Structures are given as structure tokens and as C-alpha cells.
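Here is the structure we will look at.
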Amino acid sequence: MSAIVFVTFLASLALCVAIGVRLLLVAKQTRQVPEFALGLCMSAGATWPLFMIAAKRMHASGTGASSILFGLAIFIAYAASVGMGLAMWKVFRPNTAWAKRLFYVLCGLLVAFSFVIVFLPEAPLENWTLSGRRMLFFSGRATFQVWAMYECYRNYGMMKRRVKLGLCNPLAANQVLCWAVALSVGLLVTVFETYLNHVVGVAITESPRAMLLATGMALMASMGMWFAFFPPAFHRERILAQGLRAAEAS
Amino acid sequence: MASLFDSVAAQLAESTGFSELIARGILRAGLEDAGLDPIEVTPAHMKVMVARVLPEELSSRGVENAPRICQALAAKIATLVGHDQSTASPDDFFDRLNRRT
């Protein structure tokens, strides 16, 4: 089972990095903030678990660099969250003053959280999986994730109404839905892990079945992102045909 | 500078005789029906909403000649476009991605 978990984990990671790199290539052409922020968020953000694993291995073997790798993992994960928040603001609410303020407040919160997680005297990697710091870390990430989910579902509802008036491409509405679903599955993985760790009291890494479920869901989330940002031709054609049929019927 | 929403609401109040507060409420309801946000709405989208959704909103409130009023208002929106407002929308973001896929 561990081989399946490993392959699923790597596939999800590779897919995220590939989407991120592709978004960065688009950003190079368009020179627009949202694709750049999301590209960074997905390509760099997907790698934080690798830094965390390396930090834990080094800590176990008594190597001094583990704290640096741990700090780097936290920095990358939070930078990815900031990238997602920036994209939310610029894509969905570029003219809304409170969205700008919320973005800066959440950034400040993440900076404060990262200081607590990394710099408090207790060794952060001692029993990390079951620690309160891990809970704090995921709470920090969840702030932007919850905002992103709210914006995606809200905008999907609005875009569906715009599609009826011919003000929006049905494919774009479907892409926002895929984004929302991917974010929901991603958040579900976090909630599932947190439940196992802090309510059941079992570290997810010690349960192969739970690991398989979590990595499977992570892969689903990555595929959702793929359908959201670079929908494959068959999916694109199906959605556009559906939109055309709906327009003819109305 | 007044936003596009403020300007259109003022024009709507002037054309219908409603108070500005009521006109803003009607406009907000129209925007909601059309899936548009009062702060983020672009002039092009506002124009379509005024021409296609607002007549029904006004008729349901007993306004006579609602289609004519809305057509005149939609035509005026072109002159209100001087607002310092970005025309970005989620659709633009996905269009940029889809054009390059």
C-alpha cells in the first residue's frame, strides 16, 4: 500500500507543479498578476511537504540544517497561501476596498503565525504531527483557503446567471466551479488530517489507509485545478456544447 | 469620483422619479438577477443589464414605459465610462488562460 501512497502523492505533487509552471508561462506572456500569483502558489507551494519531510529526516539524524528546512517549508506553504489570496483579490474583487484590506490583514496574520511556529523555544519538529503548532500552521493556511472557496462558489453562482444573459462564457463558469471543488477537496484533506491527529489521536503517517485516502483526495484536488486552469479538449467541447444547447433552448 | 453604480443609480432616479435610495435598491436587485456585483460591474455588463433585466424590475414596480427609459439609460452609459474603474472580471482571467491553451 505504501507504494500506491507514494505514487499518488508524487502524481498529485507533479500535477500541481506542472499547472503552476504552465500558469507562470502564461504570466510571462500576459504580464498579469493573477496568473503569476497562482503560478507561484501552485508550483512552489506544492513542494512544501518535501521540505517538511527532509527537515524531519534531518532532525531524526541530528543534522543541524533541519530547522532551516523547517522554516523554509513554513515560508513556502504560507507564501503559496498569500499567492492564492492575491489571486482571489485580483481576479474576483479588484475594485473592492475590503478585499484589499482583508488580504493585508490575513498576510499579517500569517507572518505572526509563522513567527510563533518557527521561533518559539520549544523544538518545532518534536512530535510535529500531533502538536498544536501544526494545528496553528493549518489554521493559517485555511484562512486563505476558506476565503478562496467562498469567492469561487459565490462567483460560480453569479457567472451561471451571467451565462443566461450571454455575458459570460459557460466554460469560464465551469472553470470556477472546478476551482471551487478542488479547493473544497483540498480543505477536506486538511480537516481529515487534523481530525485524525487531534481528535482520534493517531498521526496520519502511521495509518496507511488514512494516507491512501488523503493522497487520493489530494490527487483529486490537483485534477480539479487542472480542469479549472487548463481544461482538456474533450471537457471544453462538452461544456461549450451544453452552453450552446442551453442558449438555443432559451 | 462617483462609481459607475452611483452614476447609473442617479440617472435612474432622475428618469423614473424614484428617490435615489429606491433607485439604488432597484439597480442592485437588477444587478443581482444578472449575476453582477455593484462594485465590480463593468460598463459593458451594466449596459446589457440595464437593457435586458432592468425593464422587468421597473415594470414590476409600476413604472410606465420601462423599456424606453432603460434604452435611454443604456445609451447614456457609454458617456459614463470616464470612471476610473478597472474593467477586469473573472471572465477576463479565464479568457486569457483559454486563449493560450
Side-chain angles (χ1 to χ4, degrees), chain A residues 19 22-23 25-35 37-39 87-99 151-152 154-179 226-233 235-236 239-240, chain B residues 1-9 27-58 67 70-71 73-74 77-78 80-101:
Chain A
I19 296 166
R22 211 164 158 187
L23 281 167
L25 290 174
V26 171
K28 200 179 160 193
Q29 291 176 358
T30 61
R31 305 262 162 207
Q32 296 288 323
V33 174
E35 36 271 53
L38 273 174
M88 284 303 124
W89 165 29
K90 294 290 179 187
V91 170
F92 295 119
R93 296 186 183 270
N95 301 307
T96 307
W98 70 254
E151 290 296 352
C152 286
R154 173 182 174 271
N155 273 277
Y156 171 63
M158 291 167 74
M159 286 166 97
K160 263 200 320 188
R161 276 174 271 158
R162 289 211 291 274
V163 166
K164 284 183 191 160
L165 287 173
L167 290 178
C168 174
N169 185 340
L171 182 62
N174 183 266
Q175 284 173 282
V176 172
L177 176 65
C178 290
W179 195 357
W226 176 41
F227 274 68
F229 299 126
F230 302 105
H235 180 69
R236 190 187 280 245
I239 297 297
L240 289 174
Chain B
M1 185 186 276
S3 71
L4 178 65
F5 176 82
D6 292 337
S7 306
V8 175
L27 192 60
R28 201 175 279 274
L31 286 169
E32 201 179 320
D33 284 350
L36 297 166
D37 185 302
I39 301 172
E40 305 293 346
V41 62
T42 62
H45 285 179
M46 178 69 97
K47 199 171 170 179
V48 174
M49 189 285 292
V50 167
R52 292 178 57 188
V53 180
L54 202 58
E56 205 172 309
E57 291 286 338
L58 291 179
C70 290
Q71 268 179 5
L73 191 56
I77 288 172
L80 300 172
V81 178
H83 291 279
D84 181 24
Q85 183 152 5
S86 147
T87 54
S89 70
D91 319 26
D92 297 331
F93 167 67
F94 286 103
D95 280 348
R96 286 201 301 274
L97 291 187
N98 294 334
R99 272 202 304 270
R100 286 164 181 85
T101 306

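In the text below, chain A, chain B and the rest are named by the order of the sequence lines, each starting its count at 1. Because only heavy atoms are used, hydrogens play no part in the values below, and waters and symmetry mates are left out as well, while side chains stay in. A quick note: this is a predicted structure, and the numbers were derived from the prediction, not measured.
Separation of atoms CD1 (Ile239(A)) and CG (Leu171(A)) is listed at 7.0 Å; rounding is to 0.5 Å. Annotation: the span from Met159(A) atom CE to Asp91(B) atom CG amounts to 4.5 Å, rounded to 0.5 Å.
Using a 4.5 Å cut-off between heavy atoms, Ala228(A) touches chain B through its backbone atoms (N, CA, C, O) alone. For chain B, no part of Lys160(A) is nearby; none of its heavy atoms comes within less than 4.5 Å. Neither the backbone nor the side chain of Leu25(A) comes within contact range of chain B; no heavy atom of the residue lies under 4.5 Å from a heavy atom of that chain. For chain A, the nearby part of Asp33(B) is the backbone; its heavy atoms alone come within less than 4.5 Å. With a threshold of 4.5 angstrom between heavy atoms, Val163(A) does not approach chain B through any atom at all. Of the atoms belonging to Trp98(A), not a single heavy atom falls under 4.5 Å from chain B.
Ring orientation note: the planes of Phe92(A) and Trp179(A) are tilted relative to one another, at an angle of 30° to 60°.
Side-chain N/O atoms of Asp92(B) and Gln32(A) include no donor and acceptor closer than 3.5 Å.
Under a cutoff of 6.0 Å and an axis angle of 45°, Arg22(A) and Phe230(A) form a cation-pi pair.
Here Thr96(A) is the residue among Asn169(A), Leu23(A), Thr96(A), Val26(A) with the most heavy-atom pairs under 4.5 Å with chain B.
Looking only at side-chain heavy atoms (C-beta outward), Arg236(A) and Asn98(B) come within less than 4.5 Å of each other.
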